[in-house]
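Predicted model, so just to flag it, every value in this text is computed and none were measured.
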Amino acid sequence: MSLIHQLLGDETYDPFLSMINKCPVLSTPTDWKETTDSHVFISDLPGLKKEEVKVEVDEGRVLQISGERKNVDEDDKNNKWHRMERFRGKFQRRFRLPVNAKVDQVKAKMENGVLVVTIPKKEVKKPETKVIQIEGN
């Protein structure tokens with residue numbers, strides 16, 4: 001019997017799965033799309049309620065999505081767990097918002113474990129180019 005089997009039993013060690021479970025970025029996948037009138041962030045947060053998730057925008061124009069997936073309940077600790085693959089613990093995702101985001105009009109909605117954050121866009125004036133006359137010969 002190999003050393004790995006002695007340590008892990010019949011479980012096969014999956015380094016990729018282990019990495020996903022320990023990394024809040026990989027365990028909280030988020031898409032960011034820009035439409036003609038807004039920036040839309042879509043985060044998969046299965047099993048969480050809206051009360052367990054926090055959406056904030058700080059003065060530095062950074063959108064932060066955070067929360068915590070609770071560990072096993074006390075009632076469940078008496079049970080024998082064969083696998084625990086789902087991420088548990090605190091998570092946090094941060095996105096620097098572009099200049100055209102109206103950070104004072106952010107809206108968030110959560111349904112079926114999917115959080116959708118919508119940030120309207122404002123029109124940003126493009127700087128004018130001024131032609132300078134060159135004097136001399």
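The backbone N or O of P98 lies less than 3.5 Å from a partner atom in the side chain of R61, making a donor-acceptor pair. Of the possible polar contacts, none joining the R96 side chain to the L63 backbone as a donor-acceptor pair under 3.5 Å is found.
Sorted by first then second residue, the side-chain hydrogen bond (donor to acceptor under 3.5 Å, both in side chains) pairs that include residues 115-125, not counting sequence neighbours, are E34-K121.
Q64 has its side chain out of reach of R93: every pair of non-hydrogen atoms, C-beta onward, lies at least 4.5 Å apart. A heavy-atom distance below 4.5 Å is found between the side chains of L45 and M110. No side-chain heavy atom of K107 sits less than 4.5 Å from a side-chain heavy atom of K109.
A single hydrophobic cluster is seen to contain both V57 and W32, as judged by linkage of ILVMFWY side chains at heavy-atom distances under 4.5 Å, directly or through other members.
Atom OG1 of T28 and atom CD1 of I65 lie 9.0 Å apart (nearest 0.5 Å). Between the OG1 atom in T30 and the CD1 atom in I42 there is a gap of 9.5 Å [rounded to 0.5 Å].
The two atoms that bring R69 and F91 nearest to each other are NH1-CD2, 3.8 Å, heavy atoms only. Across all non-hydrogen atoms, the minimal contact from P120 to S38 is CA-CB, 3.9 Å.
Residues passing the ring-ring contact (aromatic ring centres under 6.0 Å, His included) test with F95 are F41, sequence neighbours excluded.
Contact check on R94 versus D58 returns a salt bridge, with a Lys/Arg side-chain nitrogen under 4.0 Å from an Asp/Glu carboxylate oxygen.
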Show every donor-acceptor pair shorter than 3.5 Å between a side-chain atom in residues 47-55 and any protein atom, with sequence neighbours excluded, or say none if there are none.
residue : atom : partner : partner atom : Å
E52     : OE1  : K49     : N            : 2.8

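Each of L97, N100, V40 was compared with I119 under the side chain to side chain contact (heavy atoms under 4.5 Å, CB included) criterion, and only L97 meets it.
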